[in-house]
Amino acid sequence: MRVNVYRDIYLPLWQAHGPQGWWPLLSLADKRMMDQGRYTGYHSGCYDFPRTEEERFEICVGAILTQNTAWINVEKALRKLSESALLTPSAIFEAPHEQLSDLIRPSGYYNVKSRKLREFSSFFQRLQGHEPSREQLLSVWGVGEETADSILLYAYKKTEMVVDAYTKRILASFGLVDPGMKYQEVKTICQCDLPRDLAVYQEFHALMVAEGKNSSMA
DNA sequence: AGCCAGGCTACCG
DNA sequence: CGGTAGCATGGC
């Protein structure tokens, strides 16, 4: 019988790891835990986020900073931005490159990411609170397919599956995808077996990462 | 002490 | 088109 993504992958991972409560937010984090290198900004079992436009923007910034980067380092950068009152679109857009790149240094690629954040901040301001389309997001310099879908799924609660390196690796281990398969193809494979439900989509992606992280394969 | 992390762009053939 | 160098820090 053919592997079913929901029955054979999602449900077992849910049983193993439980609800992940993505996307993590600074406002929900315990600073003492964070100082020990443990991130605690999750909200397991609650999908009523973001609650404010500030939280929405924070998710977008995190989505850009986490490109090919461990979350622990993104968290440091986010906290620095927040402490310097630079976690708003206008502040980031107006900040000098030197200051911005210095604050986000821990998340790596700080010169490129500094530009990406400025470009995105400009875009976000122009939205005037409206929801961006996937196409609009992709038109922003520094936003690719995965980042666009992360923003749509977690910041705007759209049922768009996020496909990352872990997802491809895990689905490949089930023989569902070939290495080198395009983003959209993998996305379609995930979405066709999963109920079109926000919580399921968010948890599926988060569970992929949880599973991918603790099984240090390759 | 390497290896690698929740990618994307630019440029090459 | 597909393939790949470049970007960079910090944790394990």
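Naming: A, B, ... by sequence-line order, numbering from 1 per chain. Worth knowing before you read on, the calculation uses all heavy atoms, side chains too, and leaves out hydrogens, waters and symmetry mates.
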Could you tell me whether the side chain of A:Lys158 and the main chain of A:Leu152 form a donor-acceptor pair under 3.5 Å?
no

So A:Phe120 and A:Ile151, do their side chains get closer than 4.5 Å, heavy atoms only?
yes

Does the side chain of A:His97 reach to within under 4.5 Å of the side chain of A:Arg115, using non-hydrogen atoms?
no

Those residues at least two apart in sequence (or on a different chain) that pass side-chain contact (heavy atoms from CB on, under 4.5 Å) with A:Arg105 are A:Asp102, A:Tyr110

Could you tell me whether [X] and [Y] make a salt bridge, using a distance below 4.0 angstrom between a side-chain N and a carboxylate O?
X: A:Glu119; Y: A:Lys116; answer: no
X: A:Arg2; Y: A:Asp193; answer: yes
X: A:Lys157; Y: A:Asp48; answer: yes

Taking any heavy-atom pair under 4.0 Å as a contact, classify A:Ala77: base, sugar-phosphate, or nothing.
nothing

Before we go on, tell me: are the rings of A:His205 and A:Tyr166 under 6.0 Å apart, centre to centre?
no

[X] [atom1] to [N] [atom2], straight-line distance once rounded to whole Å:
X: A:Glu119; N: B:dG7; atom1: CD; atom2: P; value: 21 Å
X: A:Leu65; N: B:dA5; atom1: CG; atom2: C1'; value: 14 Å
X: A:Gln67; N: B:dA5; atom1: CD; atom2: C1'; value: 13 Å

Can you tell me if the side-chain N/O atoms of A:Arg169 get under 4.0 Å from OP1 or OP2 in B:dC4?
no

Roughly how many Å apart are C:dA8 and B:dA1, using the P atom of each and rounding to a whole number?
27 Å

With sequence neighbours excluded, what pairs up with A:Glu94 under the salt bridge (charged side-chain N to carboxylate O under 4.0 Å, His left out) test?
none

In this structure, CD1 of A:Ile104 is separated from CG of A:Asn111 (nearest 0.5 Å) by 8.0 Å

Should the heavy atoms of other residues, nucleotides or ligands under 6.0 Å from CD of A:Glu98 be counted, would the total exceed 12?
no

For DNA chain B, which residues in residues 138-151 of chain A have a heavy atom at a distance below 4.0 Å?
A:Val140, A:Trp141, A:Gly142, A:Val143, A:Gly144, A:Glu145, A:Glu146, A:Thr147

Near DNA chain B, under 4.0 Å by heavy atom, which residues of residues 185-209 of chain A?
A:Val209

Can you give one letter per nucleotide of nucleotides 6-12 of chain C, 5' to 3': B if a protein heavy atom sits under 4.0 Å from the base, S if only from the sugar-phosphate, - if neither?
-BBBSS-

Contiguous Watson-Crick or G-U pair runs (3 or more, under 3.5 Å) in DNA chain B
B:2-5 with C:9-12, B:7-13 with C:1-7

